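If you read the sequence from its start, that first residue is 1, and numbering goes on from there. Every value quoted in this text rests on a predicted model; they were computed, and no experiment measured them.
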Amino acid sequence: MKIKQLLFFACLLMLAWSCAEGPNRGHISYLESTVYKLDLNEEQVLTTPRGLTVRFEEPFLSQLLAMGSIWEVKLDEYYQKDEFFMAGLPTLTDDGQLLESAGMFRIRLFQQGQEVKPENLEGLSVDFPIRKEYEDLSEFQVYNAVVSDQNDIRWTDPVAPDSVWTVQDTTLVYLYDEQGQVVDSIINGHQSHQAIFAELRLIPRNLDWINVDRVVKRMNNELVDFQVQVDPDIKDVIVGIVIDSLNSYLPLYSLDESNIFYVISLPKGLQGFAVGLGNDGSHYQLGAEEFEVGEEAIELQLALEAVSADQLLPNMKALN
């Protein structure tokens, strides 16, 4: 099925995508922030269980203390493509380039229930964990979020991190089941899916979404039409593609309220899953369909099935 009205993203470096333009449902997230309480007279460093460290130093510290010592810090941090999908955070720049993300985060500060956004962030820094072993960390840059009038997030204004250092003396230990099969591994005391291979020191330019990415440089420029259809009775649906071998999420959009979502002109040879997530009012609705782009246009009927809240995350993790 050919779509006449298209918004083409002109992508650089042999990469071209286009998405159907139509009613934009805006930014929908199925993930919640983690809330931390800090007494800045006692604690000036916050380290999350996933390894993100936020440092409150001068002069930023004094600026906050002038408003009060007890602060609520709401943190969002996502490192895998299933999380990008559930949080509604595509890995696309504002000019359409596909990114591979090492992770995204957002810091929000609250004083007595009111969000505070200081303009001067000097003295605020973040140590960002790299959870995958990359050959060249110099390819990664730090992007700010840009939000459209429809609340749709893209990434812009890349800059180099302030500093980069790798974790030395890697120790690897395998875990076995009763049959002697490897079921997991421990790296430097962390399970493999939580291991930290490097850290980037970042100086936030704002208190909004921040993304650590590299541009996807090599992709087949032979393009094929792609279409996914979803049950129109399911509400607040996000539909997109998570890409094999890349930590990337590409959103799909519909031309109208029929809940037919399109990504037009996917590169031939691309492999991944088309994923849909919504809510019928009483249950989450989740579906995934594996695909590989070949010679012919792809038309998928994506069936969404009810899943309980406690099964939603385990089902999504299977896509990584």
Side-chain angles (χ1 to χ4, degrees), residues 27-34 47-53 74-93 97-107 126-135 137 139-143 145 153-155 161 166-167 175 183-200 202 209-216 238-252 270-277 284 286-291 307 309-320:
H27 177 225
I28 300 172
S29 176
Y30 281 90
L31 298 178
E32 295 182 355
S33 305
T34 303
T47 299
T48 74
R50 303 187 75 181
L52 184 78
T53 296
K74 291 187 178 181
L75 266 176
D76 306 272
E77 51 176 326
Y78 307 129
Y79 300 97
Q80 295 176 308
K81 53 194 171 190
D82 66 302
E83 296 174 319
F84 307 156
F85 171 81
M86 293 181 69
L89 297 169
T91 54
L92 283 172
T93 67
Q97 289 180 293
L98 179 65
L99 301 169
E100 180 177 20
S101 178
M104 314 173 186
F105 68 93
R106 176 175 61 170
I107 303 168
V126 174
D127 293 343
F128 181 84
I130 299 295
R131 300 183 160 277
K132 180 180 175 182
E133 203 163 13
Y134 294 101
E135 290 184 4
L137 284 174
E139 296 178 342
F140 284 88
Q141 294 185 292
V142 183
Y143 288 76
I153 293 175
R154 292 290 184 269
W155 305 101
T166 57
V167 175
L175 304 181
V183 294
D184 204 345
S185 57
I186 294 180
I187 303 173
N188 292 338
H190 296 273
Q191 286 184 293
S192 57
H193 66 283
Q194 297 176 327
I196 297 173
F197 292 92
E199 289 185 312
L200 310 182
L202 312 180
W209 285 106
I210 294 173
N211 194 355
V212 178
D213 299 84
R214 62 180 177 183
V215 174
V216 177
I238 35 179
V239 177
I241 290 170
V242 292
I243 300 173
D244 286 358
S245 76
L246 293 175
N247 204 28
S248 304
Y249 155 55
L250 185 65
L252 288 77
L270 188 76
Q271 295 177 311
F273 284 87
V275 187
L277 175 61
Y284 291 112
L286 177 65
E289 186 79 29
E290 194 169 11
F291 70 87
V307 294
D310 61 344
Q311 287 300 308
L312 181 58
L313 286 175
N315 276 277
M316 289 300 302
K317 290 297 180 189
L319 299 175
N320 287 316

Between L202 and P161, what is the shortest heavy-atom contact and its length?
CD2-CB, 3.7 Å

Mind running side-chain contact (heavy atoms from CB on, under 4.5 Å) on D76 and W209 for me, showing each step along the way?
CA-CA 9 Å; D76 306 272; W209 285 106; 3.3 Å; yes

Looking at every non-hydrogen atom in both residues, tell me the closest pair between L98 and T91 and how far apart they are.
CD1-O, 3.5 Å

With sequence neighbours left out, what residues match Y79 under ring pair (Phe, Tyr, Trp, His ring centres under 6.0 Å)?
F128

Considering non-hydrogen atoms only, spot the tightest contact between L252 and G240 and give its length.
CD1-CA, 2.9 Å

Report yes or no: does S248 contribute a side-chain atom to a donor-acceptor pair with the main-chain N or O of L99 at less than 3.5 Å?
yes

According to side chain to side chain contact (heavy atoms under 4.5 Å, CB included), who are the partners of P90, at least two apart in sequence or on a separate chain?
R154, Y249, P251

Regarding S101 and N247, is there a side-chain donor-to-acceptor distance under 3.5 Å anywhere?
no

Provide the closest heavy-atom pair for A102 versus F140 in the form atom of the first, atom of the second, distance.
CB-CE2, 3.9 Å

Could you work out, with ring pair (Phe, Tyr, Trp, His ring centres under 6.0 Å) as the rule, every residue matching F273, not counting sequence neighbours?
none

So CE of M104 and CG of L89: to nearest 0.5 Å the spacing works out to 5.0 Å

How close do L319 and V242 get, heavy atom to heavy atom, and via which atoms?
CB-CG2, 4.2 Å

For residues S33 and R106, determine if any side-chain heavy atom of one lies less than 4.5 Å from a side-chain heavy atom of the other.
yes

Run the ring pair (Phe, Tyr, Trp, His ring centres under 6.0 Å) test against Y143 and tell me which residues pass, sequence neighbours left out.
none

Side chain to side chain contact (heavy atoms under 4.5 Å, CB included) filter on T34, not counting sequence neighbours, yields Y36

Pairwise distance CH2(W155) to CG(N211) - rounded to 0.5 angstrom:
4.5 Å

List in chain and number order the residues that pass side chain to side chain contact (heavy atoms under 4.5 Å, CB included) with L313, two or more places apart in sequence or in another chain; answer none if no residue qualifies.
L31, M86

Tell me every residue that passes salt bridge (Lys or Arg N to Asp or Glu O under 4.0 Å) with D213, counting only those two or more places apart in sequence or in another chain.
none

What pairs with E289 under side-chain hydrogen bond (donor to acceptor under 3.5 Å, both in side chains), at least two apart in sequence or on another chain?
none

Measure the CD1-CD distance between I130 and E199 for me, rounded to the nearest 0.5 Å.
9.0 Å

Does the side chain of I107 reach to within under 4.5 Å of the side chain of I210, using non-hydrogen atoms?
no

Please report the C-alpha distance between V275 and L286 in whole Å, then the side-chain angles of each, then the deciding distance to 0.1 Å, and finally whether the side-chain contact (heavy atoms from CB on, under 4.5 Å) criterion is met.
CA-CA 8 Å; V275 187; L286 177 65; 4.2 Å; yes

Could you check M316 against Q80 for side-chain contact (heavy atoms from CB on, under 4.5 Å), going step by step and ending with a plain yes or no?
CA-CA 10 Å; M316 289 300 302; Q80 295 176 308; over 6 Å; no

Could I get the full list of salt bridge (Lys or Arg N to Asp or Glu O under 4.0 Å) partners for E100, not counting sequence neighbours?
K132, R214

side-chain hydrogen bond (donor to acceptor under 3.5 Å, both in side chains) with N315: which residues, sequence neighbours excluded?
none

